[in-house]
Amino acid sequence: MAHTKIGGKTLLEIGYPQTPVFRTAMRVMEADFSHLSQEEAIELLKKILADPAAYVDDPVLGTIAEQLLQPVAPPEIELRATPVPYTVYGKDYIEEGAIRQINNAVRLPVAVAGSLMPDAHQGYGLPIGGVLAAENAVIPYGVGVDIGCRMCLSILDLPEHSLYTNEAAYVKELTSHTKFGAGAEWKKREADPVLERSEFKDIRFVRNLLDKAAGQLGTSGSGNHFVEWGIVTITDINNEWNLAPGNYVGLLSHSGSRGMGAQIAGHYTQLAKELCPLPKEVQHLAYLDLDTEAGQEYWLAMNLAGDYASACHHLIHKRLIKATGATLLARIENHHNFAWKEMYQGKEVIVHRKGATPAGKGVLGIIPGSMTAPGFIVRGKGEERSLQSASHGAGRQMSRTKALASITPQELNAVLQEHGVTLIGGGLDEAPGAYKNISTVMASQTDLVEVIGRFIPKVVRMADGGPPED
DNA sequence: ATGTTC
C-alpha cells in the first residue's frame, strides 16, 4: 500500500500559506490520507485551498479549512516569569544544553516541579534524563519519540558456566529469536491480547497502526536497543524473590514501541504544537490539556504503546526462554520513556520521565550500563526531590557522530575482548567509550536508589550500526 | 527512536 507523505515543499508549490495550516495539512494528510496517491493527495489539498468554506464541516478536513479561512496564528502562550523548582543530580557530568532545556521546561505554565538525572543529555523538548511534573497536561515530547521504551530482565535457572562452555548455543538462539533494524518485521506473526485492544478501533489515528504493530511485535528496532545474555549477581540477601545471593544467567532487553509508538508520538506532537503555540525556542514542549479530546486520545494511545512495548519484550523473552529450556526465576522491568499520574506534595500530577527510571519507594528497576559495563538492579527510595526517579543508564558522553568519527573498530574489538563480550551487530556509535562511566552515574544517585544486584553482559545483540550503508 | 524531514 502506498504511504504518501505531503512535505512542506509540495505545500508551498500548491500555494499553501506558511501559517499554522501548513503543519496541520501535513499532519492530517499523514494521519488520514496516506493511502492516497501523491497526485490524489495534491488534488484534494488544491480543492480545499480553492474553496475552504465547503470543507469546514468535514470532521477530518475541517481543521485545514478553518485555518485557511482564519490564517492568523493563535496568540503565543507565555512562559512563567519565575520557574518552578527543580533538582539536578550529577551536575558536573551534564552538558549545558540539557540544563538549558530543563530550565525552559520548568517555565511552562503547567509545570509543577522538575528534575534532571545524572545521565542527562540534550534532546527534543525535554532533555533525555529529564523529569517533569505537570498539572493536568501531558507533553508528547516530554515522553519522547519512543513511547514506552523500557527494560526487561529475566533471571533464569540456567547454569552460569554454560554461558562460557556453550556460548555458541546462546549466540544461535539470540540470533534466531530476535529481529533488529528500523522497520524490521517478523514474517510469521504472533497473536497477542495487546493487538485486540479497543484503542485500535476507537482512536481513528491508531486504527491505521494495527498492521504495522502486528508485524513488528517482538522486534527490537535500532539505535541503542539490545537483547543480551549475561551474568546476574544478586547481592541483596533480602531480595524480593528470596533468591540466594550469587550468580545467575540473565536475559536483558532494551526496546520500545517501534514504529507504532513513533507514529503516535509524531502525530500528537504536531497536534500539540497546533493547539499549544509556545515561543519558538520551546515549541517542542507543547502540551495537551488532559480535559480535551486530544489530550485524552494521546493518553490512551500512549498507554497502548507502553503496553505494546511491554508485549514486545515478553514475546522476545518467552521465545528465548523456551529455546534454552530455562525456567524463569524472577523478572524486573520498567518503562523509562513514559508519563504517569502520581501524587506530588499531596496533589495528583502528571510525571513525565524521558529517559528516567521510576524510583518510588520499593519500586524495582533496571539501569543498564553499556555493552561491556555492568547494569544495575535497583530498588527506589521514593525521593521526592527527584520526583521519585533515577537515571535510565550511563548516558552518552559522545554524540553518535563524534563516536563514529573518533572510535575505531580495533578499539571496539579490544574493549569487547578485554571484557569477554561477544557482539552480534552493533556499531561504533554504541561502543562503550561513547558512554559515561556508569559507576560515576550510580554514585550521583545514591539518594535515589539502592543497588540489589548487577548484570554483566556476555552475548550482546544490537542492530547493525555505523554509518549508513547506502 | 523511526524505514527519514521543514
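No experiment lies behind these values; they were computed from the predicted model shown. Both backbone and side-chain heavy atoms feed into the values below; hydrogens, waters and symmetry mates do not. Naming: A, B, ... by sequence-line order, numbering from 1 per chain.
Contact between the side-chain N/O atoms of A/N337 and the OP1/OP2 oxygens of B/dA1 is not found at any separation under 4.0 Å. Neither OP1 nor OP2 of B/dG3 sits under 4.0 Å from any side-chain N or O of A/S222. In this model, the phosphate group of B/dC6 is not approached by any side-chain N or O of A/Q18 to a distance below 4.0 Å at OP1 or OP2. Taking only side-chain nitrogens and oxygens, A/K354 never comes nearer than 4.0 Å to OP1 or OP2 of B/dA1. Considering only side-chain N and O atoms, A/K9 lies nowhere under 4.0 angstrom from the phosphate OP1 or OP2 of B/dC6.
Atom-to-atom, CZ of A/R23 to C1' of B/dT5 comes out at 13 Å; the value is rounded to the nearest Å. If you take OH of A/Y141 and P of B/dA1, they are 13 Å apart, rounded to a whole angstrom. Between the P atom of B/dT2 and the CZ atom of A/F180 lies a distance of 10 Å, rounded to the nearest Å. At whole-Å resolution of the value, CG in A/N224 and C1' in B/dT2 are 13 Å apart. Regarding A/E13, its CD atom lies at a distance of 15 Å from the P atom of B/dC6, rounded to whole Å. Atom CD1 in A/I6 sits roughly 12 Å away from atom P in B/dC6 (whole-Å rounding). Summarising the geometry, the separation between NE2 on A/H336 and P on B/dA1 is reported as 9 Å, rounded to the nearest angstrom. Atom NE2 in A/H284 sits about 11 Å away from atom C1' in B/dC6, given to the nearest Å.
For DNA chain B, none of the residues of residues 119-133 of chain A falls under the heavy-atom distance limit of 4.0 Å.
Of the candidates B/dC6, B/dT2, B/dA1, the closest approach to any side-chain atom of A/R258 belongs to B/dT2.
Annotation: side-chain contact (heavy atoms from CB on, under 4.5 Å) contacts of A/Q283 (sequence neighbours excluded): A/R23, A/K273, A/K280. By the salt bridge (charged side-chain N to carboxylate O under 4.0 Å, His left out) test, A/R353 is found to be paired with A/E342, residues two or more places apart in sequence or in another chain being considered. Residues passing the side chain to side chain donor-acceptor pair (under 3.5 Å) test with A/H392, sequence neighbours excluded: A/D119. Judged as a side chain to side chain donor-acceptor pair (under 3.5 Å), and not counting sequence neighbours, A/Y89 has no contacts.
Where A/A262 and A/K5 each meet DNA chain B at their nearest nucleotide, the meeting point lying more 5' is that of A/A262. The residue among A/G221 and A/Q270 whose nearest nucleotide of DNA chain B lies closer to the 5′ end is A/G221.
One finds the CZ atom of A/F180 at 9.0 Å from the OG1 atom of A/T219 (value rounded to the nearest 0.5 Å).
Exactly one of A/V441, A/V449, A/L448 qualifies for a side-chain contact (heavy atoms from CB on, under 4.5 Å) with A/S391. That residue is A/V441.
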Donor-acceptor list for residues 126-146 of chain A side chains, cut-off 3.5 Å, not counting sequence neighbours:
| from | atom 1 | to | atom 2 | distance (Å) |
| --- | --- | --- | --- | --- |
| A/N136 | ND2 | A/D291 | OD2 | 3.0 |
| A/D146 | OD1 | A/S257 | N | 2.9 |
| A/D146 | OD2 | A/H225 | NE2 | 3.2 |

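Residue contacts for A/G259: at a heavy-atom cut-off of 4.0 Å it reaches the sugar-phosphate backbone alone, with no base atom in range. Within 4.0 Å (heavy atoms only), A/G256 reaches no atom of the nucleic acid at all. Residue contacts for A/S257: at a heavy-atom cut-off of 4.0 Å it reaches no nucleic acid atom on any strand shown.
Minimum heavy-atom separation, A/Q18 to A/L12: NE2-CD2, 3.4 Å.
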